[in-house]
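Start at 1 with the first residue, then count along the sequence. Counting starts at 1 for both ligands and their atoms, following the listed order. Model, not experiment: these values are computed from the prediction.
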Amino acid sequence: MAAGAGTAVTVGAAGWSHLTGASTGQILASRGPLPEPFGVPLPVPPLARPVRSERGADVYDVEQREGRVEILPGRKTTVWGYDGIFPGPTFAARSGRRTVLQVRNNLTVPTVTHLHGGVTPPESDGYPTDLLLPAVRCSTGQPRQTHHGMAAGHGGRRAFGCRSYVYPLPQRAATLWYHDHRMDFSAPQVWRGLAGFFLIGDEEEDQLPLPGGDRDIPLMLCDRSFDEDGSFRYPAHDHDAFPDGVLGDVQLVNGAPWPALEVSATRYRFRLLNASHARRYRLRLEAEGGRAGRFVQIGSDGGLLAAPRPHTTLDLAPGERFDVVIDFADHPIGSRITLRNTAGEGAMRDVMRFHVVRKARDDSRIPARLSASFEQLTPSSAMPVRVFDFRRTTTGDDDRQMWTINGRPFSTDAVLASPRLGSVERWRFSSDFHHPVHVHLAQFQVLARGGRPPAAADAGWKDTVDVRPYEVVEALVRFDGYKGRYMLHCHNLEHEDMAMMANFQVI
Ligand code: C2O
Ligand code: CU
Ligand code: CU
């Protein structure tokens, strides 16, 4: 384990060589025994129920609070959860129908809720300084000095106890997620459980004969580390001890360690989300005897692809979603199919297992054409080009490491780009390390990766893209929805908290 990597140092040649490797963070080892893989059933987060449905809107009450849950068999973990659970409840919303989350903060720390992938008005987007302070004030809720010398919350739209996030959802059916976004503390607060699914449906998708009901399952992949008593382990406040990012040594799917799911020999739709802080996945389905299974990708971050795409491996960077269909009729009854992460190490090479237990009727299909409304963007020389360089910087006086964009750590005042509402721009992301780049509000299509055509996993509308060491990714970004201040940032949550964020202003 990498606990010795504590003090910030200038990154010399030795440091750079590890930056170019496959590793995207440092392992924080658990204490105490870890469970055997595939011993617990896969949980599926419950659906949230509105407290009120009005014409055109569904209103939900959400309480952020501590909960005691059993993640490791026989031990209890205190989570900070939406409604006290981890993952939080799944919201099932509809395109164009307003969803209102009335969030009450019954934790002891400020929070910020962000709908990742949402086309959301700026005042509800979960800007990192728009704090929701605890309903009961307590000492840990005080503003404190941050990495960039600003009191967290300065200049933000603060609320005490309760606030409403309003999501009009002028966007296609897609798999979104919501999570904490508090300035400098996103990583520790998401680690403790503040994350959940938010699904948007629409008529176009309803028409498709895709697997549905209990054969449409969201899978939240994330890694965590635990202490002997079952509590989550995370580096104490100073993330500087883990500048690259924190990797857990327990693989969770929907909050359960290396779970198993009994399936019928039919098609299933899985909405894969990489909710890890720093871990990348290269997923592969492995039947007994090592035979590879197949994923048919039907959607990306921003909803349905124009047409399905088969994959034998799928790369997921933090924040990305892949909507896939797996057909278990390809495997005999009784088979066990393991979802593996070939980018992982040791036990982290296993993710979960499917056990094909019965035959069943299957009326589902994957149509050759998924979305007629999918619009492929093409570049034009009239499009503004902007460059965003994601890089580690060591600051002067104390040799403190920062993750920066265009050489600058995050400042609430600096605006790096001012795109026009309704326009498409050509954005270039370059990097020195693995940086999953995420843009709020706007969705984009990958145009090129490393000067070549996009990778297989880059297809469709996206809001997050994996930018690998010394690589340039070009994207066509469309600014739809609202004017106002939004942000782009690295979705490695430790990098994000260490200032790798920037503002853009839609005008
Ligand atoms: Cu999923 Cu700004 O984040
Ligand atoms: Cu986001
Ligand atoms: Cu990063």
Side-chain angles (χ1 to χ4, degrees), residues 19 23-26 87-88 111-122 124-130 165 167 171 174-187 189-191 194-198 220 222 239 242-247 273-280 301-302 316-321 388-393 401-406 409-410 429-444 461-471 473 477 481 485-504:
L19 290 183
S23 164
T24 56
Q26 295 149 268
T111 62
V112 172
T113 302
H114 168 62
L115 177 59
H116 180 131
V119 178
T120 302
S124 282
D125 193 47
Y127 194 77
T129 53
D130 290 349
Y165 293 91
Y167 304 133
Q171 57 190 118
T175 300
L176 276 50
W177 62 303
Y178 61 101
H179 60 77
D180 197 69
H181 217 301
R182 176 185 168 202
M183 177 79 102
D184 294 335
F185 293 89
S186 296
Q189 300 196 167
V190 171
W191 190 268
L194 289 170
F197 278 103
F198 190 107
M220 178 189 284
C222 64
H239 314 350
F242 285 73
D244 292 350
V246 180
L247 301 176
L273 158 66
N274 181 355
S276 300
H277 286 203
R279 183 174 291 280
R280 292 166 83 250
D301 302 337
L316 275 76
E320 285 189 303
R321 286 90 67 211
F388 300 93
D389 184 48
F390 290 71
R391 199 164 294 273
R392 182 194 303 249
T393 308
Q401 291 185 30
M402 292 246 182
W403 292 102
T404 59
I405 301 177
N406 291 355
F410 181 62
F429 307 120
S430 55
S431 87
D432 60 350
F433 188 62
H434 292 276
H435 297 298
V437 173
H438 170 49
V439 183
H440 284 211
L441 179 81
Q443 300 196 335
F444 55 80
W461 282 107
K462 305 203 36 82
D463 55 56
T464 308
V465 66
D466 189 20
V467 184
R468 296 174 300 197
Y470 307 104
E471 191 175 51
V473 172
V477 192
R485 181 182 60 171
Y486 292 92
M487 58 192 337
L488 74 155
H489 60 86
C490 178
H491 219 288
N492 175 314
L493 294 186
E494 282 76 30
H495 296 189
E496 173 179 333
D497 281 351
M498 280 184 273
M500 196 170 241
M501 305 195 284
N503 294 306
F504 63 92

Q) Is the distance from the Cu ion (ligand 2) to some N, O or S atom of His116 under 2.8 Å? A)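 Under 2.8 Å: His116 has no N, O or S contact with the Cu ion (ligand 2).
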
Q.
For a distance under 2.8 Å, tell me if His181 has an N/O/S atom near the Cu ion (ligand 2).
A.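 It does not: His181 brings no N, O or S atom closer than 2.8 Å to the Cu ion (ligand 2).
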
**Q.** side chain to side chain contact (heavy atoms under 4.5 Å, CB included) partner of Phe390, the single match among Val437, Val467, Thr404
**A.**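 Among Val437, Val467, Thr404, the one meeting side chain to side chain contact (heavy atoms under 4.5 Å, CB included) with Phe390 is Val437.
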
(Q) Counting the benzene-type ring for Trp, do His114 and His440 have ring centres under 6.0 Å apart? (A)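 Distance test on ring centres: under 6.0 Å, yes.
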
Q.
Hydrogens and angles aside, do His116 and Arg321 bring a side-chain donor and acceptor to less than 3.5 Å of each other?
A.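 His116 vs Arg321: donor-acceptor pair found between side chains.
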
Q: Kindly compute the distance separating NE2 (His435) from CE (Met500), expressed to the nearest 0.5 Å.
A: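 Here the interatomic distance stands at 3.5 Å.
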
Q: Quick one: pull up NE2 in His495 and CH2 in Trp403 and give me the separation to the nearest 0.5 Å.
A: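 Between atom NE2 of His495 and atom CH2 of Trp403 there are 4.0 Å.
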
Q. Vertex atom 2 (Cu) of ligand 1: angle to NE2 of His440 and NE2 of His181, to 10°?
A.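 The two atoms subtend 110° at atom 2 (Cu) of ligand 1.
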
Q: Could you tell me whether atom 2 (Cu) of ligand 1 has an N, O or S atom of His114 under 2.8 Å away?
A: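 Here the distance criterion (N, O or S atom, under 2.8 Å) is not met by His114, so no.
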
Q) Given NE2 of His114 on one side and NE2 of His438 on the other, what angle do they make at the Cu ion (ligand 2), to 10°? A)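 Answer comes to 170°, rounded to 10°.
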
Q) Is there an N/O/S atom in His116 that lies less than 2.8 Å from atom 1 (Cu) of ligand 1? A)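 So His116 does bind atom 1 (Cu) of ligand 1 by this criterion.
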
